[in-house]
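One structure is given here, and the rest of the page talks about it.
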Amino acid sequence: MSVLRIENLTRRFGGLVALSGVNLELRENEILGLIGPNGAGKTTLVNVISGIYLPNSGRIIFDGKDVTESPAHIRCRLGIGRTFQIIQPNQNLNVLENVMVGSLFGQGAGLKEARRKAQEICQFLGLSRIERDITRLTVLEIKKMEMAHALATQPKVLLLDEIMTGLNIDEAREVIELVRKIRDQGMTICVIEHMMRIIKELTDRVLVLDRGEVIAEGLYEEVSNDPRVISAYLGEEE
Amino acid sequence: MLVVKGVDIYYGKLQVLWDLSLQVGKESVGLFGPNGAGKTTLVNAIVGLVKPANGEITFGGRSLLPLETHRIIREGVAVVPQERELFPFMSVLGNLKSGAAYIPGARDKIDERMRFIFDIFPVLKERLGQLAVTLSGGEQRMLAIARSLMAGPKLLILDEPSSGLQPSLVSDLFRRMREIREKEGVSILIAEQNVRQCLRAIDRGYVIENGRVVIEDSAEGLAHSDHVRRSYLGL
Amino acid sequence: MRNWRYIVYIVVISLAISFPFYAGVHPIHVATTILSLLALALSWDILLRGGQLSLGVSAFFGIGSYTTVLTHLNWEVSPLLSIVLGGLAAGVVALVIGLAVLRLRGLYFAIVTLALTFIFIVIVRNLTDLTGGAIGKLIPSVIFGGDPAMIYWLTLAIAVATIITSEIFQKTRIHFALTSIRNNEIAAKSSGIDIFKYLLFAFVVTAVIQGVVGGVHAQRFAFVSPEESFSLTFTILPLAMCLLGGSFSTLGSVIGAGGLGVLAEYLRLMMPRGHLAIYGLVMVMAILLMPKGIVGTIREQLVRRKTASS
Amino acid sequence: MLAKLRQRDYQILIAFIIVAAILAFWRPHVLISGLQRGSLYVLIALPVGIIYGILGILNLAHGEFMMLGAFFAFSLVTLTGIDPLIAMLPAFPAMFVVGIVTYRLTIKHVVRAPLNQFLLTFGLAVMLTEMANLIWTTRPRIVWVPYAASSATIGPITFGTFEFVYVAAAAIVLVGMFLFLTRTRAGLAAMAVGQNPRGAKLVGIDVERTYMMIFSACLAVLGPIGALFLIRHAIFPGVGGPFSLRAVSIVAMAGFGNLPGILVWGIGLGLAEAFVRSFRGWGGWADIIFFGMIILVVFYRSYQRRVR
Amino acid sequence: MKKGILLIAVALLLASSLVAVGCPRPVLEEPPVEPIRLGAVNPLGDITGRQSAQGMKLAVAEINAAGGILGRPLELIVMDDEFSPAVGAAAIEKLATVHEVDIFIGGMASGVHLAQIPILAKHGRVTVWIGAASHLVEAAIAALPDHDWYFHLHPWDYQQVEGTVEGWAAIVEKFPQIRLDRMFVAYEEGAFGAAGFAISRALFADVTIEGESFTSAVFGGGDFRAVLRHAKEFNPDAFVWVGFDPDALGMMVQAKEIGFAPPVFLGTPPGWPVGFGEIPLSEAVWLYGMWSPELKGVSPEAAHFWWAFIEKFGEEPATYFAPLGYVNVKFVAAGIERAGTLERGPLIEALREVRFEDTAVGWPLTIAPSRLIRHQGFTRQMILQWQGGRQEVIWPFEVATAEPIFPFPRWEDR
C-alpha cells in the first residue's frame, strides 16, 4: 500500500535538469533512505514533494489524491511533513512556540490544544527546557526541535532532510532511535542522508539518486554493491 | 611558528574554549573533534574574528591578538573557512587575484603563483572565466584553497575541508594537501571531523573535546588510539 | 501580581479618557495628533511583523481622507459614517492592490508601495471634477462642531482599537503566522501557513486603520488636498515613531509615538526656528545608540540582567 | 552581476536605439531633453546604486548631500567669483571629507542593518535640510553663467546644449566607475567586499576602510554633480529631497546592484517623461509614467525571478 | 563604540551650537504692566514666515518705544506652523488657551489656515490675517455662522487676478503698442498654480487663454522645455508662469534656449531668487506683487519701513510678507487705539473704521466687504517689471516708479 507515489517527475532550473523522470513510491509505515552524492537532487526532490517548487512535468499522488499542483501549505495540512537541511528556527519564539506553529497551522489546532500537543511531542522526543530561548540551544536540541515542529503538523509522511548532519556519533544514535520510535507511531518516513552508515542502520529500503535520476532502488545490501552506485557515490575507480 | 597558549573564549556567558594550547611548526597539524568541540572557534580566534578572553596567540613570535583580521592575513596566515567565503559573482580569475592582491609580498607574483596553482588544481584553469557561483561544490572548495594559496602564506588553515564533499573527492583533497605541504614548505593546520582520511595528510594532531585538548599525538599514534576510534570512527 | 498589571491598564485608560477634563485645549490638540500618529505607527508595525516594510501608509491615509470627504459632501453621509466608509475604501483598495503587491518582498515591496502613493496623488490631482484637483475639497463644517474633546475621544477610540487589534495580532495564531513568515517563508509554508492569506489579511486590516485615521484627519480639519492628504509625513513620522519605540511590539509604537510627539512639541517651544534640525539629530542619535528602539533596548537589558543573575 | 553586461542588456540597448531613432525623426526635442534629463537622473542614481551594491545601504539622504555639494559650490562661486565649472574641482575633496565624517559618525554603525539605515539616512536627510535652512534660509539661490543657456539649431529645431554636459558627465562617471571596479585593486576590493565582506577580510582586505572609501567617494562625486546642477537650477535646502526619491526608485528599477541598469532606466525614464510632456495638456500625467514604469518593472523582475 | 559615542556627542554639541546661533531669541518681550497680547502663527522655517514675523517684531518694538497703546505695551508671541495644518491648528489653540492672546495675527499657507479656521471660530477672538489667499479659505469663513471677528488683509486670489485684469486694461489703454489678446499660462500642478490658472481663465474674459501645467522645481521638477515649446507654438502676446521662486531661473534660461521671447513675459512667484535682478535675462520680465522695494521712492511709509527693517535685522526685506507683517501689527494697534478698549464689539467696530493713506507695502488700506466676507483689507496687487535689476512699479500709475519696457527685448540683445 503506497502512501506517496511520484511518477515521472522532472524539474529544471534554467538549463540545469535537477530531477529527470524520477519515480518513487513510499510504502506505508516504512523508512525509506534517499541517498546520493552532492548535487544529486535529493533536496530538490524533497522541495518538490513538499510543494516549495512545482515540477515541470510528472505527478505526485499523496494518499490517493493528486497534489501535483497544490501549494506547500495545503500539502502540509494534507499530511506531508518535512524538516530542513539548513534549519532556521524562528528566533522570536521559544522552543515550545516554534513547535506550536506546526500544530497551529498544520492541523488547524486552537492555541490551547496546540500548546498541549506541542508539549506532548517535546516530551516524546526528550526535549526539555522548552521555554528556552532559541539562541541557547545545542545542535542536538535544534535538530530535535525541527523534528518536533514537523511532527506537530501531524504528518502521514515525514521527510527528514539531512537531520544527522553536524551530530556526533552518540547524538546520531539517539536521533536514529527517535526516528524508529516515530515510525512505530505509524508514520511513513523518508530519510535523506549522505552518510551511508546511518542509512544502513536506519532504513528498510534505499533509493539512490544521481544527477537527478534514480539509479538504484532496493535493500541497502543490494544497493551498496551496485557498481553504478559505487562509482556515482565513491567516484570512479582510479 | 603558530603558538596558541592558554586561550579561553566565551560566547556571552558560555565558555567554549578552556585553557587551550597548541603549536604548529613547519609541519602539518590536524585538529580533530566532534561537532561543537570548538574547532571553528579556535580557527576564528587565530584569524581574529573572535577575541579570546584570556591567553595568547602568537605567530612567528608576534602576538596576533591586537591585530584585525585583514592584518593577520597580511602577516602570512591564510584560512579556508568551512563556508568557503568566495566572491560568488566574480570570475574564478578574479577570485584568485583577490587572494594575492592585498598581501604585500604576493601582489607582484600573481602570475607565478597562478602557475603553481594550476599545477595542483588543473581544473581551475579550465574554469578561469566562469563565475564562482556556477562552480560545483568540490570546485568551489578547490578555488577557496587555491585563493588562499595565492597569498603565498606561511601558515595555511583549513576548516572542515571535507564537509559537503563526496567521499571520492575527500581523499583526493587530502592527497593534494600533502602535495602542497611538500612543494611549498607551508605549515598547515587542518580542523576536521573526518579523522581517518585526514590522517594521511598530517604529521601530528590534536583532539579536542568540549573546548579542551584531550589528546596530542603523531598521526601514527592517533590512528591507533582507542579513544579516537571509539568516539569518532564509529567502530 | 497579575492583577497589578490590570490596575495599571485601568489607571492609564481612565487617565487617557478623562484627559480633556484636566488638560487644556492645546494639550488635547497635541494629544489628538499624537494618538492618530500612534495608530498609524502601530498599523505599520503590524504589517512589519510579517516582514513587509510598507511605505504606502500615506496612500491609504489619503484614500481614507478623500473617501470620507467625498461621501460626506456628495451623498450627505454623516461624518462618523463617512469615516467608516473611508476605512472601508482603504481596505478595499488594499485588498485589490494587495493581491498584486504582496507577491513582492523586501525593498521591492517598499518601493512599489511608495510609488503607488505618488500614483494616487497624480490621479487625484488630475481627476479635477471628482476630487477638486490640486486645490482639493472643503467640508463646510467640522465634525462635532470642532469640539476638541469629542475629536480627542474619537481619536482615542481609534488608537485604542488599534492597540487592541495589535494585541490580538500578538496573542493569537496570527502572531505565530506573521513571525514565522518574517523568519523564513519557505519554512512557514511547510508548516501549513497560508502566507498570502495572512499577509493580505494584515495588509487589509492595517489599511483600514490607516484609512480611518485619514478620515478623521479630514473631518477634523475639514478639507482634503493631494499635498496634504497624501503627504509623506504620514508615512515617515509613524515609521520613525515605531522604530524609535521598538518594532514588533505594541508598547514600542506607543512609547515611540508618545516620546517623539512630546519631544517635537517641546523642541518647537524651545526653539521656534531650527527645531526640525534637532528633531533629525535625535532620530540619528537614537538609531545609533538604541538600534532596537527604546522597548527593544530595555528588554535586552532585562534579559541580560536575568541571565547574569541566574 | 555588478558592472557586467549580459545578453539581455544588449537586447535592451538595441531596443533603446530603435526607440531613439524613431523619436529622432518624429519628436526630436523629446529625444534631446529626455536624454539630458535622464542623464541627470543617472548621475544622481549611480552613486546610490554603488553604495547599495557594496555597503548594502539605501541612502535616502543622497539628494540632500547633493544639495550640500551644490551649496558648497555656490558659496565658492559667490565668495571668490570663480566659474561654477571650476568650483567642481574643490567640491570633490570637500564632499569626500563630508563623506568620511558622515561614515565615521553614523553609517559605520548601521552597515547591513536594513531597517535602521532607512531611519538613519532619513534622519540625516532631515538634519541636512534643516541645517541648510538655518544657514542659507529657504530663499532660492542662483548663479548665472551665460553658457547655461547656450543653444544650437539643427534644421527646424532649436534646443539647449548645456545639459549635454550631464550626458557627458554620466558617461564619464559610468565609465570611470566601471574601470575603477574592474581594473584597479581598490575596485576589486570594493567588489569583493560587496559580494562577501567576511570573505574579503579573509583575503586581507580592510573591509572597514573599503566601506569608508566607497561611501566617501560616492559622496565626493556629488560635489561636482552639485556644481553642475547649480548651473541650471536654483538651489534651496529642500532641492535634494525629490532627487533622493527618484534615485532610489531608479536603483530599485534597475535591480539592486545593476549599474548598467541604472543607465538604461535613468535615461528611459527621462525619455518617457519628456515623451508624455510633449503632448500638450498631458504634462500632469508625466509622474504617473515615472512611478507606473517603476511598478511595472519591479513586477516584471519579481515575475522573472519566480519563473527562474 | 565609546569613541563613536564621544564623536557623536561632539557632533551634537556642534550642531546645537550651530542651531543656537542660527535661531533668533524667543520672540518674547518682558512687559512691566499687563500687556496686550498678539499671537502670530507663521511658518518660521520659510523666509516668508520668518520675515513676516520680523516685520511684526519691528512694529511692536516701534509701538512699545513710543509708549505702547492705551498705556499698555504690546507683547508678541510667534509660533511655528511648519506648513502643517495639524501643527498650525494646535498653535492657535495654544495661543488662545495657554498664552491667552487678545488678538490673532499672521498667517501664510491656505492649507494650514483652513485647518485653523474652525478653532479660530470657536474662540471668536479678533483675528487679522495677512496670508491664505485661496478662495476656499474665503468660502470656509463665509460659511461660519458669524465671522465679524475676522479681518483679512491679503487680497483673495481672485481679487489679485481682478486687479491684474484691471491693471492690464489700464496699461493697454495707456500704451497702445502693448496688446493682450492671446495669453499662455504655464502653471505649477499643485494647488497654487491650479487655482491661479482657473481664476485667470475665468476673469480674463476678453483674452484667449491657453494653459498647461508643469512640475515645480520645488517638487523635483524644473524641466519646463515642453511647456515653453508649446507656449512658443501658441505664439501668445503674453506668457505667464504661475510657479514658485526656484522656477524663475529655469523659466528664463530654458526660454532663451529655444528662443522663446513673447512680447510680455510674466512670472508670478511669491518671491524671487536672491540676485535674480542681476542676471541679464531678468530685464523686462513682468511680475505681480503686493509690494516692491522701489516703493520707498514714492511711499514715505514704505521707505521708513525699509530702512528701519535693515537697521534692526541687518538684512533687506526679501518678501512682501515683511512689510505686510509690519502693517498687520500697525493696523491692529490703530484699531485698539481707536476703540480705546480690547472689548470685542467696539474693537471690531474700530478696526472696520481704520484708514491708512499709506502703508509699508505702499498701498492705502481700508476695510470693505469682499465677495463673501465682511472685512477685507487690500484687494489689489501691482503690476511690476524688472528693470536694471530693480522691481519697478508700472501700475497703479499713482505709485508707478517707471515706464514699461516694451516689447520684451530679444535674448541676443542682452
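Everything numeric here is computed off the predicted structure, so don't read it as measured data. Lettering follows sequence order; numbering is per chain, from 1.
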Open item on the list: Less than 4.5 Å to any heavy atom of chain A: does that hold for the side chain of C/Tyr198, its backbone, both, or neither?
Closed with: side chain
Task: Part of C/Ala188 within contact of chain A (heavy atom distance under 4.5 Å) - done: neither
Any donor-acceptor N/O pair, [X] side chain to [Y] backbone, under 3.5 Å:
| X | Y | answer |
| --- | --- | --- |
| A/Arg77 | C/Ser191 | no |
| C/Arg173 | A/Leu104 | yes |
| C/Asn183 | A/Gln88 | yes |

Task: Nearest heavy-atom neighbours spanning C/Gly192 and A/Cys76 - done: N-SG, 3.3 Å
TODO: Consider only side-chain N and O atoms of C/Arg182 and A/Asn90, and report whether a donor and an acceptor are under 3.5 Å apart.
DONE: no
Flag if over 12 foreign heavy atoms under 6.0 Å of [atom1], [X]:
| X | atom1 | result |
| --- | --- | --- |
| A/Arg205 | CZ | yes |
| C/Arg299 | CZ | no |
| A/Gln123 | CD | no |
| A/Tyr53 | OH | no |

Task: When C/Ile195, C/Thr179, C/Asp194 are compared by non-hydrogen pairs under 4.5 Å with chain A, the top option - done: C/Asp194
Open item on the list: For chain C, which candidate among A/Ile80, A/Asn92, A/Leu78, A/Thr83 shows the most heavy-atom pairs at distances under 4.5 Å?
Closed with: A/Asn92
Open item on the list: Only pairs of heavy atoms separated by less than 4.5 Å count here; which of A/Val101, A/Ile87, A/Asn47 has the most with chain C?
Closed with: A/Val101
- [ ] To the nearest 0.5 Å, tell me how far A/Arg75 CZ sits from C/Ser190 OG.
- [x] 10.0 Å
Open item on the list: Given heavy-atom pairs under 4.5 angstrom as the criterion, report whether the side chain, backbone, both or neither of A/Pro71 touches chain C.
Closed with: neither
